[in-house]
2 protein chains.
Amino acid sequence: MHNELRRHIEEIVSLTDDEYSLITSHFTLQKFKKNDFLIRQGESVKYTYFVISGLLKLVYYDESGKEHILSFAMEDWWETDYQAFYSTSDATMSLQCLENTTVLRITLKDYHHLCAILPKIVLFFLKKATSGHVASQQRLLSLLSSSAQDRYEQLLHRYPSLFQRVSKTLLASYLGVSRETLSRLTL
Amino acid sequence: MHNELRRHIEEIVSLTDDEYSLITSHFTLQKFKKNDFLIRQGESVKYTYFVISGLLKLVYYDESGKEHILSFAMEDWWETDYQAFYSTSDATMSLQCLENTTVLRITLKDYHHLCAILPKIVLFFLKKATSGHVASQQRLLSLLSSSAQDRYEQLLHRYPSLFQRVSKTLLASYLGVSRETLSRLTL
DNA sequence: TGTAAATAGTGATGTATGTCACAGCATCTT
DNA sequence: AAGATGCTGTGACATACATCACTATTTACA
């Protein structure tokens, strides 16, 4: 069976076999093909997803139809429209496959249930939420204080694999510049 | 004594008097004057702060000396350089008073201790970390997809009190535009 | 295998925003 | 009270980046 989740959780809290069974019983395995949607902007958000393999984009389409990428979610990432997921409201962004992708998904109810019966998992989720917050803040800082050129270099330095896996057009949407501008930057 | 913290926590999890005593025993009350630093860029970060009253700015000074404001922390906000706090490394940003400010502070050790002896507080911190993450993502989205004019309107709509409490120069640093540009925007 | 769609580069031009400079007030300090 | 310091607005000018248009390749797929 898939042990990616166990390995991932045990980087932060250790688990007995029974505890891990308890955890997996709250998740469902699901496979998607390239371009499939896990979440569609405007529709309800039922799940949070743990990426086992593949690649997703969390993306917002503005009124003019331009796409803005909030994040790329790869192996071992947790992703959803968190705002919508926790408040049970409609998605303001979409979550879509850039490659064939396998995930484990959990509902909000099961998430709460799991937290209630397995306190140590709350510590794990706290750690994840904290690093997510820190990561968003770093990205914010880089948007506020760095030029497109610098942001591009920072991104490739941090996630060199992205350069192979996604188009320049998508990288541009992530960096907050037009594809033409990105194309004119020197590597 | 100060009950702001209790009220704040009980918005999320309910507490007995004993539990609240346990919590307060992990915090220390501290007062600062306008312009005082709670955290200085480059120095170590010992505490996370809960703001009882007053106003703080979380700010990053880039190589050219320009300031970029990551957030304004007002009453009921938790603030620190989280990256540095959790990893016990040096601050990449400063936390400074814009008004005389009263806070409750907690060390990383006490934070972990409190989580260990009072599991329900972990749920509270998880909720806070989650909303912090969501808030950063919203801000990211607004930087990626909105003009300076729109971001200004969004900010004033969301935090009308800021307009009274901080200078246009600081609002500009928060919005990621020059003070001259902000000054030319129509309200 | 062939046709359509997606991707990437680049020139020409427009525009939002930055930078520099200066002036008028308001606020703080001694 | 006087001088220093900070805040705000505004003109002149510079620049990073967006937009539009076109072309050349590569990739998808029927």
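Keep in mind it's a predicted model, so treat the numbers as computed, not measured. Quick note on labels: first sequence line is chain A, next is B, and so on, each numbered from 1. What you see below is based on every heavy atom in this structure, not just the backbone, and it leaves out hydrogens, waters and symmetry mates.
- A:F163 places its CZ atom 15 Å from the P atom of C:dT7, with the value rounded to the nearest Å.
- At most 12 non-hydrogen atoms from other residues, nucleotides or ligands lie less than 6.0 angstrom from NZ of A:K46.
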Check: Can you list the steps and then say if A:E67 with A:Y61 is a side-chain hydrogen bond (donor to acceptor under 3.5 Å, both in side chains)?
Finding: CA-CA 4 Å; A:E67 81 168 5; A:Y61 295 92; 3.0 Å; yes
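- For residues 166-174 of chain B, proximity to DNA chain D is found at B:S167, B:K168, B:T169, defined as any non-hydrogen atom under 4.0 angstrom from a strand atom.
- Judged by atom type and distance alone, B:R184 reaches the base of C:dT19 through a side-chain donor-acceptor pair under 3.5 Å.
- Nucleotide C:dA5 holds its C1' atom 12 Å from the CG atom of A:N35, rounded to whole Å.
- In this entry the distance linking CG of A:L144 with P of C:dT17 reads 14 Å, nearest Å.
- Look at B:T181 and you won't find any side-chain N or O under 4.0 angstrom from OP1 or OP2 of C:dT17.
- Within a 6.0 Å sphere centred on NZ of B:K127, other residues, nucleotides and ligands contribute 12 heavy atoms or fewer.
- Checked against the 6.0 Å centroid criterion, the rings of B:H68 and B:Y174 do not qualify as a close aromatic pair.
- Between the P atom of C:dT19 and the CD atom of B:E180 lies a distance of 8 Å, rounded to the nearest Å.
- Ring geometry for A:F125 versus A:W78: interplanar angle over 60°, hence perpendicular rather than tilted (30 to 60°).
- Between A:K34 atom NZ and C:dA5 atom P the separation is 16 Å, expressed in whole Å.
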Donor-acceptor list for residues 85-96 of chain A side chains, cut-off 3.5 Å, not counting sequence neighbours:
residue: A:S87; atom: OG; partner: A:Q83; partner atom: O; Å: 2.7
residue: A:S87; atom: OG; partner: A:S89; partner atom: OG; Å: 2.7
residue: A:T92; atom: OG1; partner: A:D81; partner atom: OD2; Å: 3.4
residue: A:S94; atom: OG; partner: A:Q41; partner atom: N; Å: 2.9
residue: A:Q96; atom: NE2; partner: A:N35; partner atom: O; Å: 2.9

Item checked: Verdict with reasoning, A:D76 to A:K128, per salt bridge (Lys or Arg N to Asp or Glu O under 4.0 Å) -> CA-CA 11 Å; A:D76 279 12; A:K128 283 292 137 185; over 6 Å; no
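- Heavy atoms of A:K66 sit under 4.0 angstrom from primed sugar atoms or phosphate atoms, though from no base atom.
- The interatomic distance linking B:Q149 (CD) with C:dT15 (P) rounds to 17 Å, in whole Å.
- When DNA chain D is scanned in the 5' to 3' direction for atoms under 4.0 Å from non-hydrogen atoms of chain B, the outermost contacting nucleotides are D:dC7 to D:dA12.
- Under the 30°/60° scheme for interplanar angles, the aromatic rings of B:F50 and B:H8 are found to be tilted.
- Annotation for A:R7: atom CZ counts as buried by contact number, over 12 foreign heavy atoms lying within 6.0 Å.
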